[in-house]
Amino acid sequence: MKTQEFADKGLQTVKMATLYELRLMLTNSAKEQYTTEELVELFDRIAAEKEF
């Protein structure tokens with residue numbers, strides 16, 4: 001059971017780091033508004049960087 005808890009904690013950490021990375025990308029951008037397509041591109045970029 002401890003192994004599963006550790007894995008769950010690691011997954012939660014990765015999720016939070018990914019959200020924070022997205023937040024930084026958005027707040028450091030000069031843009032104030034994004035289209036759906038632009039947001040999807042940001043999500044895709046983050047996902048591609050996270051692939052192992």
Side-chain angles (χ1 to χ4, degrees):
M1 188 68 165
K2 293 284 184 192
T3 303
Q4 184 62 39
E5 290 173 11
F6 185 73
D8 290 345
K9 178 81 169 161
L11 183 57
Q12 182 65 22
T13 300
V14 169
K15 287 179 184 179
M16 294 307 293
T18 301
L19 288 171
Y20 186 67
E21 186 176 348
L22 178 58
R23 179 188 178 280
L24 288 176
M25 290 174 76
L26 293 172
T27 57
N28 290 331
S29 173
K31 291 189 72 143
E32 299 240 351
Q33 295 183 347
Y34 290 85
T35 65
T36 301
E37 291 80 19
E38 290 170 325
L39 289 173
V40 169
E41 286 178 25
L42 287 175
F43 296 149
D44 288 347
R45 189 177 335 151
I46 291 171
E49 291 174 4
K50 299 287 184 216
E51 287 185 21
F52 297 91

Query raised in the report: Who else is in M16's hydrophobic cluster (ILVMFWY, side-chain heavy atoms under 4.5 Å, direct or via others)?
Result: L19

Report task. Please collect all side chain to side chain donor-acceptor pair (under 3.5 Å) contacts where either partner lies in residues 9-20, sequence neighbours excluded, each pair once. Result -> none

Requested in this report: Provide the full list of salt bridge (Lys or Arg N to Asp or Glu O under 4.0 Å) pairs with a residue in residues 20-30, sequence neighbours left out, each pair given once.
Outcome: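 Those involving residues 20-30 are E21-K50.
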
Report task. Sort and list the pairs that fulfil salt bridge (Lys or Arg N to Asp or Glu O under 4.0 Å) and have at least one residue in residues 26-43, not counting sequence neighbours. Result -> K31-E38

Query - Linked, directly or transitively: Y34 and V40 (ILVMFWY side chains, under 4.5 Å) - result: no

Requested in this report: Name all residues meeting the side chain to side chain donor-acceptor pair (under 3.5 Å) criterion together with N28; count only those two or more places apart in sequence or in a different chain, and write none if there are none.
Outcome: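 Counting only residues at least two positions away or on another chain, N28 forms no side chain to side chain donor-acceptor pair (under 3.5 Å).
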
Query raised in the report: Out of curiosity, I46 CD1 to L42 CG, how far, rounded to the nearest 0.5 Å?
Result: 6.5 Å

